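Heads up, the thing below is written out as structure tokens.
Source: prediction; values computed, not measured. In what follows, chains are A, B, ... by sequence order, proteins preceding strands, each numbered from 1.
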There are 2 protein chains.
Amino acid sequence: MTIPFAQTLAARFADLPEQLQVAARWISENPQDVALLSMRDQARRAGVQPATMSRLARALGYGGYDALRAQHADALRRNGQGLAATAQRRRPLDANSTEAAAQALLAESADQISYLSSADNLAAIARAAALIASARRVYCLGQRSSYPVAWHFHYAMSLITDRAQLLDGSGATGLDALSHAQPGDVLFVCGVAPYTRAVVEASLQAQANGLQIVTVTDSPLSPLAVQGGCVLISPTESASYLHAMTPAFALADCLAALVARGDDPAVLARLEDLDRQLSARNTYLSEPQKVSI
Amino acid sequence: MTIPFAQTLAARFADLPEQLQVAARWISENPQDVALLSMRDQARRAGVQPATMSRLARALGYGGYDALRAQHADALRRNGQGLAATAQRRRPLDANSTEAAAQALLAESADQISYLSSADNLAAIARAAALIASARRVYCLGQRSSYPVAWHFHYAMSLITDRAQLLDGSGATGLDALSHAQPGDVLFVCGVAPYTRAVVEASLQAQANGLQIVTVTDSPLSPLAVQGGCVLISPTESASYLHAMTPAFALADCLAALVARGDDPAVLARLEDLDRQLSARNTYLSEPQKVSI
DNA sequence: CGAATATTGCAACATTTGTTTCAATGATGT
DNA sequence: ACATCATTGAAACAAATGTTGCAATATTCG
């Protein structure tokens, strides 16, 4: 915890009267408590009068103890949220330029994805991957801004298995397809605020029917964050007018890759071979002819 | 910041009355402030009565708000303990574990998005945004793994304008819709190796017909990287069996945000207002009733 | 519909907060 | 020793804190 206070104090400490030094020493040894305990509590622990604390703050140039406390509170807050990884790498651009805005937006996405690697989230991802890998069938659901996430996950899964089914509206394969689900099947559902009622209800219904739920959503308090399922939290704050969906997309992509990891190596090898051949030359994929696996 | 409170809350959140949910949501989003602000301050910021905060603490089994605050204070203190906490946060993962693989995949995505901020790319993005902002009509095209990118871009655009059209297969709105395009219209196309023949041909045809092309693709040598258009390069290397599409998705998202930047501020303001209202409460969006803009 | 219950906003409550005042004490310089 | 000044401890202060009781309003259930 580095606080301007520490330097100010070091500079003037020697010139302080005895009691103020006692108080100052306690603070410098317990900086994390300055913002968390009442001043009187701190005085008690430091073994000085409450008034001494106030006097110390004044002696160091603060308006009052609250000012000192505010500074320490900020330091605590900053500790909590790690530094923005990309913040430093910015190149100097006119602040109002489109380029600068683009850079800011992209940096935000990159940071958000970095933060997906919290211990909690990683554990949930691993559990989700295991759940999906052993599922008889995986239903994929997402509407509006979450639709691409569900679609991508389904697409990725469909390359390595036929156990995935997308619950989208077109055709008759909408939410009704869930009625064929059996206990033990998995529902992969993505949704962020404002939540679509149909999606929430389908998830609840699915859980009631004994399905395992893997959720990608924007908050642990989301109505989609059903108890007893795997809940993957994806930040959606954004400087843009839209909620950020890139982290959710990254999560889905990551999840599919992990599921594949446990899958038949032969299938994956052929997929990668095929891919290498195709991309080596500038090969086209014609529309009707599908990839033969 | 992981606090037992978070789990308790997630478990009981759904059963809480409305005001308590508002309070709970604020706490869940601002855990670092619980121990640093007075309860009345927090109530003010969350937009609830002070009494509601007290009641929430009780409803969750705490003796009072102070108990809740103490728990959060401990979490803050633990965070502050420098290296010990950091070591705990970056728990050494077993190299072969699913968690480690997930972390690697996510880190790769984050890095790739960071690299999108090259000077070349930023300039191209800015040009593309300007092009699209002034276009009479924007057609969005992408198939297979690029489909979510095109879909997302179209969805984002469709929230602020009716000038966007998605060229997807279902219905009769496939590639044929391009035949109504006029010179000066823009085609936003996304595609990576192995390129889909139909997409490449449509792009070439579109350019021949005088359309401006904005391309998101994986290489400057891609057949989609037509001369005279805006070419946005998105890396697709991946440790997974799939090509990485997250950077392309981020690009599309960024581009839409930039286009909106130059758009009618009133529309955006209303979008954001609507959004704030909706996400403040636990409002659902019912399926048939569309967002009124 | 009416009764019963749960939820909410408001106002009062006793505590506790940080600060200030004032007299007592100690140190310093002449 | 005396006067001067800084320092200290104890008490008093207004302001703000967390909590609770109560009436008004919504909601649920028969």
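Applying the salt bridge (charged side-chain N to carboxylate O under 4.0 Å, His left out) rule to A:R12 yields no partners; only residues at least two apart in sequence or on another chain are considered.
Note: CG (B:L20) to P (D:dA26) measures 17 Å, nearest angstrom. With rounding to whole Å, B:D66 atom CG is found 9 Å from D:dT17 atom C1'. Regarding B:L56, its CG atom lies at a distance of 11 Å from the P atom of D:dT19, rounded to whole Å. Between the CD atom of B:Q49 and the C1' atom of D:dT19 there is a distance of 13 Å, rounded to whole Å. To the nearest angstrom, P of C:dT8 lies 7 Å from CD of B:E18. In this structure, B:D15 places its CG atom 13 Å from P of D:dT28, rounding to the nearest Å. Across the protein-nucleic acid pair, B:L16 atom CG and C:dA6 atom C1' stand 13 Å apart, rounded to whole Å. B:Q19 places its CD atom 9 Å from the C1' atom of C:dG9, with the value rounded to the nearest Å.
With contacts defined as side-chain heavy-atom distances shorter than 4.5 Å, the pair A:L255/A:V214 qualifies. A:L36 is listed as a side-chain neighbour of A:L76, based on a closest heavy-atom distance under 4.5 Å. In this structure, A:L224 and A:I213 have side chains that are not in contact, with every pair of non-hydrogen atoms separated by 4.5 Å or more.
Note on B:S54: a side-chain N or O is less than 4.0 Å away from OP1 or OP2 of D:dT19.
In the set D:dT20, D:dT19, D:dT8, D:dT8 carries the atom at the smallest distance from any side-chain atom of A:P17. Nearest to the side-chain atoms of B:S38 among the listed nucleotides D:dT17, C:dT20, C:dT8 stands D:dT17. Distances were taken from every side-chain heavy atom of A:R40 (C-beta onward) to each of D:dG18, C:dT17, C:dT20; the shortest belongs to C:dT17.
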Identify the pairs formed between an N or O of the protein and an N or O of nucleotides 21-25 of chain D at a distance under 3.5 Å, and give each distance.
from: D:dG21; atom 1: O6; to: B:R55; atom 2: NH2; distance (Å): 3.1

Side-chain polar contacts of residues 43-58 of chain B - donor-acceptor pairs under 3.5 angstrom, sequence neighbours left out - could you list them?
from: B:R44; atom 1: NH1; to: B:D41; atom 2: OD1; distance (Å): 2.7
from: B:T52; atom 1: OG1; to: B:Q49; atom 2: O; distance (Å): 3.4
from: B:R58; atom 1: NH2; to: B:G63; atom 2: O; distance (Å): 2.7

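Aromatic ring orientation, A:F153 versus A:F188: parallel (interplanar angle below 30°, classes split at 30° and 60°).
A donor-acceptor contact shorter than 3.5 Å is absent between the side chain of A:T215 and the backbone of A:T217.
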